Amino acid sequence: MAQQVGEASRADARYDPHEIERRWIARWEESGLYRTDLSAVDRKYYNLMEFPYPSAEGLHVGHAYTYSGADTNGRYKRMQGYNVFQPMGFDAFGIHSENYALKVGINPMTLTQRTVTRYRNEQMGRLGCMWDWSHAVNTSQPDYYRWTQWLFLQMYKAGLAVRKSAPVNWCPKDLTVLANEQVIDGRCERCDSEVVQREMTQWFFRITEYAEHLLSGLDGLDWPEMSKRLQRNWIGKSEGSQLTFDLADGSDRISVFTTRPDTVYGATYVVLAPEHPLVEKVTVASQSVQVEEYRKVTSLKKEIERLSLDKEKTGAFTGGYAVNPATGERVPIWIADYVLLTYGTGAIMAVPGHDERDHEFARKFGLPITQVIEPPAEFAVDIRDEAYTGAGTMVTSGQFDGMPSEEAKRAITEKLQAEGKGEQKVTYRLRDWLISRQRYWGPPIPIVYCPEHGEVPVPEEQLPVLLPEVENFRPTGTGKSPLASVESFYKTECPVCGGPAVRETDVSDTFLDSSWYYLRYPSTEYDDRPFDAERTRNWLPVDSYMGGKEHIVLHHLYSRFVTKVLHDLGHLAFEEPFTRLRLHGMVTKDGAKMSKSRGNVVNPDEFRQQYGADAFRTYLLFMGPYEDDNEFSVSAVQGVARFLGRVYSQVDTREEYGSGPGADMRTLHRTITRVTSELDALRYHTSIAALMEMSNWISSARAQMTQAQLQSALEHLVLMLAPIAPYSAEELWHRLGREYSVHLQAWPVADEAMLAEAMATVVVQVNGRVRERLTLPAGTSEEDVTALARESAKVRPYLDGVQVRKAVWVPDKLLNLVVG
RNA sequence: GCCGAAGUGGUGGAAUGGCAGACACGAUCGCCUCAAAAGCGAUUGGGGGUGACUCCGUGUGGGUUCGAAUCCCACCUUCGGCACCA
């Protein structure tokens, strides 16, 4: 090879990304480069990322962002010698896909298949991600949802799937009920409609049974602190006491939950939630009209109105009385909507002297206010004007007078416990997971109702209960799924007696489909079990999961719950599905989340087509810290496109090396160290910056480099680029004359000896202000640096006539002379 | 109200106790071109000075330290979560 390849080749250096992508996609496919050998279990790395749901909009920039980062991580781990399994699939059941089908008027069975194909071939297949499609899942296919139904049956057998009547959230637009987690500020998570409360009989998963496990399991996880805090918040553990107030006539008792048992002597009335089952019993005839009226008004309120804080307290007196278990006094029983049926026991003891809400209510309705806690002098308040909610000394509390209130919490509970009227109690904010949906596009809940045998689970060997293809899949709004009018579906036989019976016609929540999909991926070839025991033992739990913050109290919480249950039932050896979780930020445009209504949606395909997949990926990762929200800038994409173009040009002109004795190659080794630690921390933007600096360094140092040095520098640059820009790296590796494939190469390791700097820049400060920079051989002593500093014309004026009191010395970095 | 994160050039961001603004975008000027695009090169926090230089500067005010964007306290602003949760 001679050196005559000159400037002409630079002009040709522009590359055609599409031609290159096409070529390498074919080669990768044909050589099975991304098919993981799941039987090789040494150094396994399960690299999971959230799978998309097929919808009208197609793949958006957020997906491309998630996948670029997660794929870069997978490729990097692979080059480090891990056997990386990186599957992908489709969350194809659910309201999104169904609403899309309703909009275009095509049956979701047909439409979803079409959409999935488009996603996979036209969009996802071109991003350059190393997905192992041979293990793809599609949650809407019978071979998948058969096992979603199986999961339901395991829950059922364990007593964790129950049918019960409860106040539930109903979305008037999507015409279905929703889980608590799917209601955001009183609105439907999907369509933003205001949710209303309805009393309905529905299937629930008893996630509340696992509240404590879900809470304590968080401690050992390598998850962002923020996500743990959100889950803890959501679970909402609250420690206190449950106390009993007998009805005055002794006919029944009211349980109340309180975190302030120390204030029980000040409980001057009791409040029941309007829907509380004892309301009818305690209401006297003369009050029944008012009570009924109040209950009616409450039931018509929307969730959002009940949640708003600044409205005035309302309520009604039942005419009934209970007995304060501490004082023995008769106290009136009221109902009010500031007490929620679904939290605690649905009833409270009201202590207006020491609770702001009770205080407000008592003032409005003229109920007595008693002080039972004496605040420390500096917090003294007039209890008639304002509740005192802090700690203090017990007063007007019988034998407990004089005791610090914190101590009295336990003492009073113990005393009442001895009398059978109290106990320590932990309450959680978490509610049971409502999984019924009155929609069509989901897995039918595998239950049969028999007049003789009642509720009967479908035997496992009869699964799947197939979702029938129907003409009219429109949601009905009647509180029943469209399947309720499909006779051929719901008419069946009782599995126990063979007599005529009907099927459950609701389908299950989409979040149930996705709560276990990571268990399915490694075992897709087994059609007789949801997940193979050995495969699961070898490949799970997931080593790295990349996802969005919006799923913390939805998908991530549900997945943890399902995993814990399957563990307790003996199906899994581990209790937590995702060892390491990382949350990517959101891609914004004009400072806001992209949405059709704002009209600020960036189409990923356009950018990919214009600049190529590599430039698109590299730009997404270069925008800013991966875990932060980042603003998409149309013009900034060109910056990385230029960078990649320069690397092509550098490779194509590699015959133009220097003739001198060789260059200082330390920059290469420093870059390896830098990029390695940045990629470990998912700091893609700074790794790319380091590669840009290295490329700039090659440009300026190549005139000094030998041929071998230039070749080595370029090869290392391409190797480190491989996880980020996979097509270009493959092409450049090929142009550098190296053998297929760059993605099978080992990640470079820096030569320790080359990391030590020959020269160091020592900053000389006088009183903390920089006065001089000295470039000296590394390891120059403090004495020598001090002598040089004193001689410096820039430093000397500041030392004239003053005493150096102190010198701070940081070797090879800094000398600070403190004078005066 | 409670809990948490963040505030740095015209813009995205870098630096997590030691040279503030790496790397980019944008802008200005230049080279190349008949011209443009692309590409390449230079300059680019603010004030002052012909200049070597110098002063100011990381939301605001205080503190710790030889030294603070970084640590501590208070406040302001923005964002996120929880909230009539007893």
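Every heavy atom of this structure was used, including side-chain atoms; hydrogens, water molecules and symmetry mates were not. Just so you know, these numbers come straight off a predicted model, no measurement behind them. The sequence lines fix the lettering, A, B, ..., with proteins before strands; numbering per chain opens at 1.
- At the phosphate of B:G13, neither OP1 nor OP2 sits under 4.0 Å from any side-chain N or O atom of A:Y619.
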>> So if I define the base as every atom that isn't primed, P, OP1 or OP2, how would nucleotides 15-27 of chain B read as a B/S/- string at a heavy-atom cutoff under 4.0 Å?
In response: S--BB--BBSSS-

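- With both ends at atom P, the span from B:C84 to B:C25 equals 50 Å, rounded to whole Å.
- Taking 4.0 angstrom as the limit, A:K794 places a side-chain polar atom (N or O) nearer than this to OP1 or OP2 of B:C53.
- The closest side-chain donor-acceptor pair between A:Y343 and A:T427, if any, does not fall under 3.5 angstrom.
- Using modelled atom types, one finds a donor on one side chain and an acceptor on the other under 3.5 Å when comparing A:E181 with A:W234.
- Here, B:G30 and B:A35 have their P atoms 13 Å apart, quoted to the whole Å.
- Here the separation of B:U58 from B:G63, taken at their P atoms, is 16 Å to the nearest Å.
- When heavy atoms are screened at a 4.0 angstrom cut-off, A:L230 is found touching the sugar-phosphate backbone but no base atom.
- Across all strands, A:Y269 comes closer than 4.0 Å to no nucleic acid atom at all (heavy-atom distances).
- Checking the phosphate oxygens (OP1, OP2) of B:A86, a side-chain nitrogen or oxygen of A:S238 falls inside 4.0 Å.
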> So A:L644 and A:Y15, side-chain contact (heavy atoms from CB on, under 4.5 Å) or not? Walk me through it.
Replying inline: CA-CA 9 Å; A:L644 291 177; A:Y15 67 104; 3.8 Å; yes

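- Residue A:R429 is classed as a base contact, given a heavy-atom separation below 4.0 Å to a base.
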>> Walk me through whether A:L430 and A:L557 qualify under side-chain contact (heavy atoms from CB on, under 4.5 Å).
In response: CA-CA 11 Å; A:L430 183 71; A:L557 185 68; 4.2 Å; yes

> RNA chain B in dot-bracket, Watson-Crick or G-U pairs under 3.5 Å, [ ] crossing, | other strand?
Replying inline: (((((((..(((.....[....)))((((((.......))))))((((....))))..(((((..]....))))))))))))....

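- Taking atom P on both B:C29 and B:G80, the two are 42 Å apart, rounded to the nearest angstrom.
- Separation of the P atoms belonging to B:A6 and B:G57 is 24 Å when rounded to the nearest angstrom.
- A donor and an acceptor atom, one from each side chain of A:Y294 and A:T314, are located under 3.5 Å apart.
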